[in-house]
Every structure is written in structure tokens, then in C-alpha cells.
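Each residue takes its place number in the sequence, starting with 1.
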Amino acid sequence: EYVEAGDAASGAFGGLSFAAILFMLFTFIAAGSLASGYVPEWVSNIAQNTGSTLIFAAILVVVAILAAGVGYFVSKAATR
């Protein structure tokens with residue numbers, strides 16, 4: 001019987017998946033509110049200012065990197 005060895009990097013992809021779920025939740029909230037005719041203040045602030053948009057994008061990238069790092073190190077510890 002062949003058992004595949006644990007891959008320590010697989011947790012990083014799990015962390016990225018978790019970050020993607022968080023990003024989709026933000027998108028769902030914004031799209032749902034816009035579809036009902038309401039524009040949340042945080043959405044209008046991001047849309048009005050290019051600097052705010054870049055800061056928001058940078059925050060999303062940092063969250064994705066942190067989630068990937070946490071997933072990687074948790075998975076690495078679990079595969080030992």
C-alpha cells in the first residue's frame with residue numbers, strides 16, 4: 001500500500017483559500033448592498049479616492065500573505 005507523504009506547503013494554499021473566502025465575503029456585502037440601492041460608506045470612501053483604493057488593495061495582499069504564512073507553518077508543524 002502506498003501512502004503519499006505529507007506536503008508542508010499545502011497549508012499555504014489552505015490559507016490562501018481562507019483569505020479568498022474573506023475577500024468574497026467583502027465583495028458579497030458590497031454587491032448585495034449596491035443591488036438593494038444602498039451604498040455603504042466604506043465602499044464610497046474606497047471608490048472616491050485612489051489612495052484609499054491602493055491602501056485597501058495592499059491590506060488585501062497583506063492578509064493573503066499572512067493567511068498563507070500561517071497555513072504553511074501550521075501545516076509544516078503537522079507534517080513532522
Side-chain angles (χ1 to χ4, degrees):
E1 181 175 326
Y2 177 76
V3 178
E4 186 176 341
D7 183 14
S10 65
F13 296 108
L16 287 174
S17 298
F18 179 71
I21 290 170
L22 292 178
F23 302 158
M24 286 188 282
L25 181 64
F26 280 120
T27 304
F28 177 74
I29 291 170
S33 61
L34 290 172
S36 67
Y38 173 72
V39 179
E41 185 178 338
W42 62 274
V43 172
S44 62
N45 287 340
I46 291 172
Q48 288 175 358
N49 188 352
T50 305
S52 295
T53 305
L54 294 175
I55 290 171
F56 185 70
I59 289 170
L60 293 179
V61 169
V62 168
V63 167
I65 290 171
L66 287 175
V70 168
Y72 175 76
F73 288 114
V74 168
S75 174
K76 189 174 182 178
T79 56
R80 287 186 180 188

Over all atoms of both residues, closest heavy-atom pair of [X] and [Y]:
X	Y	value
W42	F26	CH2-O, 4.0 Å
A19	A64	CB-CA, 3.8 Å
I46	S52	CA-CB, 4.1 Å
S10	S75	OG-OG, 3.7 Å

Does atom CZ of F23 have more than 12 heavy-atom neighbours from other groups under 6.0 Å away? yes

Using a cut-off of 6.0 Å, state whether more than 12 heavy atoms not belonging to F56 lie near its atom CZ. yes

Quick check: is I29 connected to V63 through a chain of hydrophobic side chains (ILVMFWY, heavy atoms under 4.5 Å apart)? yes

Under 3.5 Å donor-acceptor, S33 side chain and A30 backbone: yes

With heavy-atom distances below 4.5 Å as the criterion, would you say the side chains of I21 and L25 are in contact? no

Interatomic spacing from [atom1] in [X] to [atom2] in [Y] - rounded to 0.5 Å:
X	Y	atom1	atom2	result
L60	I65	CG	CD1	11.0 Å
I59	L66	CD1	CG	11.5 Å
I55	T50	CD1	OG1	11.0 Å

